[in-house]
Trainee: 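My structure is below; once you've seen it, I'll send some questions.
Quick caveat: nothing in here was measured; it's all calculated off a predicted structure. Throughout, residue positions are numbered sequentially from 1 according to the sequence presented.
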Amino acid sequence: MEHRVMQGRPDPIALLDFLSGGGRMGALIRAHDWSATPLGPPSDWSQALKTLVSVMLGSSQPMFIAWGPERILLYNDAYAEILAQKHPAALGRPFLDVWSEIRDDLAPIVEQAYAGEPVRMDDITLFMLRRGFREEAHFAFSYTPVRDEAGQVAGFFCPCIEITAQVMAERRLAAEKERQQRLFEQAPGFITVLTGPDHMFEFVNQAYVRLFGDRGYVGKTVREVFPELEGQGFFEWLDQVYATGERFVANHVPARLQASPGVPEKEVVLDFIYEPVIDETGIIGIFCEGHDVTETHIAQQALAREKERLEILNRIGSQLASELDLDTLVQAATDAGVALTGAQFGAFFYNVMNQQGESYVLYALSGVPREAFSKFPMPRNTAVFHPTFSGEGVVRSDDITKDPRYGKSDTHHGMPKEHLPVRSYLAVPVISRSGEVLGGLFFGHERPGVFTDEHESLLTGIAGQAAIAIDNARLFRASQHQIAERRRAEEALRDLNHTLEARVAERTAERDRVWKNSRDLLVVVGADGIFRAVNPAWTEILGHAPEEVVGRSFLDFVWPEDAALTQGGLDDAAANQNLTNFENRYTHKDGTPRWISWHTSVEGDLVYAYGRDVTAEKEQAEVLRQTEEALRQAQKMEAVGQLTGGIAHDFNNLLTGIVGSLDMMQTRIAQGRTEAIERYAKAAMSSAQRAAALTHRLLAFARRQPLAPKTVDVNKLVVSMEDLLRRTLGETIQMEFVTAGGLWLTRCDPHQLESAILNLAINARDAMPDGGRLTIETCNTHLDRTYSALHPGVRPGQYVCVAVTDTGTGMPPDVIERAFDPFFTTKPLGQGTGLGLSMIYGFAQQSEGHARIYSVVGQGTTVKIYLPRFYGTVEEETEAAGLADAPRSEVGETVLVVEDEPVVRNLIVDVLKDLGYRALEAVDGPSGLKMLQSSRRIDLLVTDVGLPGMNGRQLADQAREHRPDLKVLFITGYAENAAVESDFLEPGMEMITKPFVIESLAIRIRDMIER
């Protein structure tokens, strides 16, 4: 550059060229009085400083210079924005004075720069005062030491960037990510986030871990965690979503899972969605959310199977009722049997002689071609087939090859040679109403254990319908044959007119012989119900001579209760709707009824009918019904016997504790030794309380314990039991409480609910001898009409559910089916009464609820108690007071005690007198009623419900006729008429249950008198 010269000296303007430009800061620096600063005028600045200032003012990046021992600050326009309100006063001031509020943060790195060491910071956090308030700021910068001509550090140069906005954005992003993860953890479904093309787990929520197990997910790929899913489609769906960016939605997809090698697989059914995660670079991962719908899927499958079964039964019932073609109806019955049981094949063998002299003919086949049965002879009356062909009953085998009868059919020693492979076997005889074995329905499957009790019941019903249909078809064939014969006879008569009279006479005589000799009733009756003709069998069967019947209405002979039924049948028959097996009762001449089964046909205005006397069959059926009822009664009595023996044993033990303790108390008092009386009293009270608890369990079993329902917050009740349960279950059982937010209220007896939960927890502990996890969970649920239809007695609606789940041994289906039965237990002798689950079931039923067991052998059991939702508020509870604190009587208050048990009556009277009441007493209802009908003052009646003769409720009702406002406190130990108090009591009446605490009786009496 050409230097300008003035009077032999450098031009001052030329010396300040390094300050040219620089925007506002360039102007401020040029205008600043630098001579008043340690730096002096700009013309005297060192060349290094001038160069740095020129670079700084020419840059759009924030830069500043700290120069000299005082660290004087120079900066550009971009850095002025960082200074904010500190600008422009900061120019020319010491750097650390400008940033005095962060001097402690900056001083060490400034000293490091002045020591000649460059400093670089990618993110430093500083709390600055630059806009009138303290704020958090973040910077990335580098301090570069600058040396003078002597090699000493004269200052440092700093380009910097404020990254506060970026840091805050990253922080908000991290907070948002953390918030999302918390939401994911609270979500009801399972959630996972996968990253990269290998689908590596980045996040899983607890629902995911509970469903699929703790497999150490994070940092592993899906294929590493779930190798058993190979070939099930899940990996391919993930790859497809990652490659295309299109979401994948799956509904009711089965997945076979295996927790570890050697452990049996379990199948779950899932609803889920794979959603691609996309940023500015493209697809970076996959978000998965879903639900376990296994129970819903199973319920839907069961409902579909039930619907299909009902459709098949309706179809086959209608078809068999109307079909008269033998081939068609037996084929329909066989097809229905295969469809209902899932058999591989089914066959119907008809009990008739074929041309080869064999007794059984293959009449229908389903599931396999007829050629499959053509390679071996028809079944013979062997040990396997005999029970069916002889009509002895149903033969069912889970594995016929292990049946001892199998293999006794020479010469093939098993099923016939070349027979289809059979393991599961079911054979049902088809027996007519007359007892004739018409044939048999046979079903087979190559897999063992296919056929069930339900299949046996269904096939028995179909066999019965088929028998009736075959009877009807044979009768129809016979009638058709008779009609054909009659037509042929008519044709023959026309061809032989010359012998007409002789043949007519012969046929008339033949008909007359049939008419006279028939053992069934034969009738010709008009549509008006008037008998035109009857055969002599009327005399033998009904006691009436034919001349007593002809010309009279059927209403004169039919049993009065069957008149309307018979009139309808006659109308149908006259309308050409032939009746088959139409049953009604006719009156014998001696006044007794006779059951008649009618078949009719019609010609013109006349109905022709024959009737068979089936009175004996009806009587036999009634005898059978009574016999079955007697058997059921015997079974009940056997159960009562078991109960009596067990309870007698328990009560003897308890009474021994009570009587022995009281005896020792008397002995010690007689000896003047009172130091042990309290211990004996506690022992007697403990035995008495155990006896009361046993009584309540028995009443729960009998469904007759007097419940005291209250509004219950189940969450609060369950949580309050935690300490009790932990002490009861021991350290080997891990407990978890999962209480639902917003849980509805219910109304039940809270003590019975606590007892039920405790019983279930103890059962769960016994099912986990080596330890395990017990989970008690609450939730709101709705039982719909579909569920109600599958579980008779359950009303659809909203329920509060308490579920107790263990990880124990589980129960097989046959044990689940009987688990609620009284006295049923799988525990060793002496370790279980079999009343626990029965008591729980009885409590749920009495509370208008429901109980259900879900269990898998080897995995655990869940017992759910459903209690109806209650719309109300929680009732306040009051603490019981001691007898000394019990409210005492006002002057003259009188209580009448009616109790037939002297010990109880005297005890109540003593308590009343101690509390200042005037006590009247009566031993039975009539004597108590006399007092109540007198003019005496009686403020309260205390009466036992179960009094001999006139019971307590009858006494109260008659007493209120004389004293309408009489208050009544019932005492009960059995509550025959009151399963729940509110169903038994009227206003002004209350109930207390034996055994009761004396303090409770006193408080209840005071409360009722004052109310």
Side-chain angles (χ1 to χ4, degrees), residues 1-4 6 9-100 102 106 109-110 113-114 116 118-121 124 126 128 130-131 137-149 152-165:
M1 173 182 292
E2 180 181 355
H3 295 278
R4 288 168 290 181
M6 181 181 293
R9 291 178 300 172
D11 186 350
I13 297 175
L15 293 175
L16 297 178
D17 281 348
F18 71 92
L19 294 177
S20 62
R24 295 175 183 172
M25 284 307 303
L28 286 175
I29 292 175
R30 289 191 294 273
H32 194 73
D33 184 10
W34 293 103
S35 60
T37 69
L39 294 182
S43 57
D44 297 338
W45 290 356
S46 67
Q47 187 58 45
L49 178 59
K50 292 178 179 179
T51 301
L52 290 175
V53 171
S54 177
V55 171
M56 176 184 71
L57 292 177
S59 176
S60 61
Q61 179 183 354
M63 294 182 179
F64 72 88
I65 301 168
W67 200 261
E70 297 82 5
R71 283 80 163 173
I72 301 301
L73 178 66
L74 298 96
Y75 52 90
N76 62 2
D77 283 346
Y79 191 78
E81 296 179 7
I82 294 175
L83 287 166
Q85 293 179 2
K86 291 179 181 286
H87 169 74
L91 184 64
R93 291 180 59 201
F95 175 68
L96 293 180
D97 289 349
V98 171
W99 295 110
S100 59
I102 55 174
L106 297 179
I109 56 178
V110 169
Y114 267 85
V119 179
R120 176 176 175 177
M121 290 279 185
I124 185 172
L126 301 172
M128 298 177 164
R130 51 180 177 170
R131 294 182 178 88
H138 294 261
F139 293 90
F141 62 84
S142 62
Y143 286 0
T144 302
V146 182
R147 299 180 184 275
D148 58 15
E149 292 80 357
Q152 299 297 315
V153 175
F156 65 85
F157 173 67
C158 176
C160 63
I161 300 175
E162 183 170 0
I163 59 173
T164 303

Trainee: If you round to the nearest 0.5 Å, how far is OH of Tyr143 from OH of Tyr114?
Mentor: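 Answer rounded to 0.5 Å: 10.5 Å.
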Trainee: Got a second to check how far Glu162's CD is from His138's NE2, nearest 0.5 Å?
Mentor: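 Reported to 0.5 Å precision, the distance equals 9.5 Å.
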Trainee: Say whether, by atom type as modelled, one donor and one acceptor occur between the side chain of Ser54 and the main chain of Lys50 under 3.5 angstrom.
Mentor: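 Side chain of Ser54 to backbone of Lys50: no pair is present.
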Trainee: Under the side-chain contact (heavy atoms from CB on, under 4.5 Å) rule, what do Leu49 and Phe18 come out as? Steps first, then yes or no, please.
Mentor: CA-CA 10 Å; Leu49 178 59; Phe18 71 92; over 6 Å; no
Trainee: Looking at every non-hydrogen atom in both residues, tell me the closest pair between Val153 and Ala113 and how far apart they are.
Mentor: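 The pair with the smallest heavy-atom distance is CG1-O, 3.9 Å.
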Trainee: Would one find more than 12 heavy atoms of other residues, nucleotides or ligands at under 6.0 Å from atom CZ of Arg24?
Mentor: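 Counting other residues, nucleotides and ligands, CZ of Arg24 stays at 12 neighbours or fewer.
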Trainee: For the atom pair CZ (Phe64) and CG (Leu91), what is the distance rounded to the nearest 0.5 Å?
Mentor: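 CG of Leu91 is found 13.5 Å from CZ of Phe64.
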Trainee: Distance from Cys158 atom SG to Met121 atom CE, nearest 0.5 Å?
Mentor: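 If I round to the nearest 0.5 Å, the distance is 11.0 Å.
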Trainee: Tell me, do Glu81 and Pro62 make a side-chain contact under 4.5 Å, heavy atoms counted?
Mentor: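 No, every pair of side-chain atoms sits at 4.5 Å or beyond.
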Trainee: For Gln61, does its backbone N or O pair with a side-chain atom of Asn76 as donor and acceptor, under 3.5 Å?
Mentor: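 Yes; judged by distance alone, with no hydrogens or angles, the pair exists.
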Trainee: Tell me which one of Ile65, Val98, Leu96, Val110 satisfies side chain to side chain contact (heavy atoms under 4.5 Å, CB included) with Arg71.
Mentor: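 Answer to the side chain to side chain contact (heavy atoms under 4.5 Å, CB included) test with Arg71 among Ile65, Val98, Leu96, Val110: Val110.
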Trainee: Can you find a heavy atom in the side chain of Gln47 that is under 4.5 Å from one in the side chain of Thr51?
Mentor: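 In short, these two side chains touch, coming nearer than 4.5 Å.
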Trainee: Answer yes or no: is there a donor N or O on one side and an acceptor on the other, between the side chain of Tyr79 and the main chain of Pro159, under 3.5 Å?
Mentor: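 No, the answer is negative, given that no donor and acceptor are paired below the 3.5 Å cut-off.
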Trainee: Could you report the tightest heavy-atom contact between Pro38 and Ile72, atom names first, then the distance?
Mentor: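 Residues Pro38 and Ile72, closest heavy atoms: CD-CD1, 4.1 Å.
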Trainee: So do the side chains of Met63 and Leu52 get within less than 4.5 Å of each other, counting heavy atoms only?
Mentor: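 No, every pair of side-chain atoms sits at 4.5 Å or beyond.
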Trainee: For a side-chain contact (heavy atoms from CB on, under 4.5 Å) check, start with the C-alpha distance between Leu73 and Asp97, then their side-chain angles and the critical distance, and finish with the verdict.
Mentor: CA-CA 10 Å; Leu73 178 66; Asp97 289 349; over 6 Å; no
Trainee: For Thr144 and Phe156, indicate whether the former's side chain and the latter's backbone hold a donor-acceptor pair under 3.5 Å.
Mentor: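 Between the backbone of Phe156 and the side chain of Thr144 there is no qualifying donor-acceptor contact (under 3.5 Å).
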Trainee: Which pair of non-hydrogen atoms, one from Trp67 and one from Ala154, has the smallest distance, and what is that distance?
Mentor: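 Distance-wise, the nearest heavy atoms are CZ2-CB, 3.4 Å.
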Trainee: In this structure, is the centre-to-centre distance between the rings of Trp45 and Trp34 below 6.0 Å?
Mentor: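 Yes, they do, as the ring centres are separated by less than 6.0 Å.
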Trainee: Phe139 and Met128: which non-hydrogen atoms are nearest, and at how many Å?
Mentor: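 What the structure gives for the nearest pair is CE1-CE, 3.1 Å.
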Trainee: Which heavy atom of Ala78 sits nearest to which heavy atom of Ser60, and what is that distance?
Mentor: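 Heavy-atom minimum between the residues: CB-O, 3.3 Å.
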Trainee: Show, in sequence, the C-alpha distance, side-chain angles and deciding distance for Leu39 and Leu74, and conclude whether the side-chain contact (heavy atoms from CB on, under 4.5 Å) test is met.
Mentor: CA-CA 11 Å; Leu39 294 182; Leu74 298 96; 3.9 Å; yes
Trainee: Got more than 12 heavy atoms from elsewhere within 6.0 Å of CZ, Arg120?
Mentor: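 No, not enclosed.
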Trainee: Please check: side-chain N/O of Arg130 versus main-chain N/O of Ile82, any donor-acceptor pairing under 3.5 Å?
Mentor: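 Answer holds: yes.
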Trainee: Is there a donor-acceptor pair closer than 3.5 Å between any side-chain N or O of Arg30 and the backbone N or O of Leu19?
Mentor: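 Yes, Arg30 side chain to Leu19 backbone: donor-acceptor pair under 3.5 Å.
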Trainee: Leu83 and Ala90: which non-hydrogen atoms are nearest, and at how many Å?
Mentor: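 Here Leu83 and Ala90 meet closest at CD1-CB, 4.0 Å.
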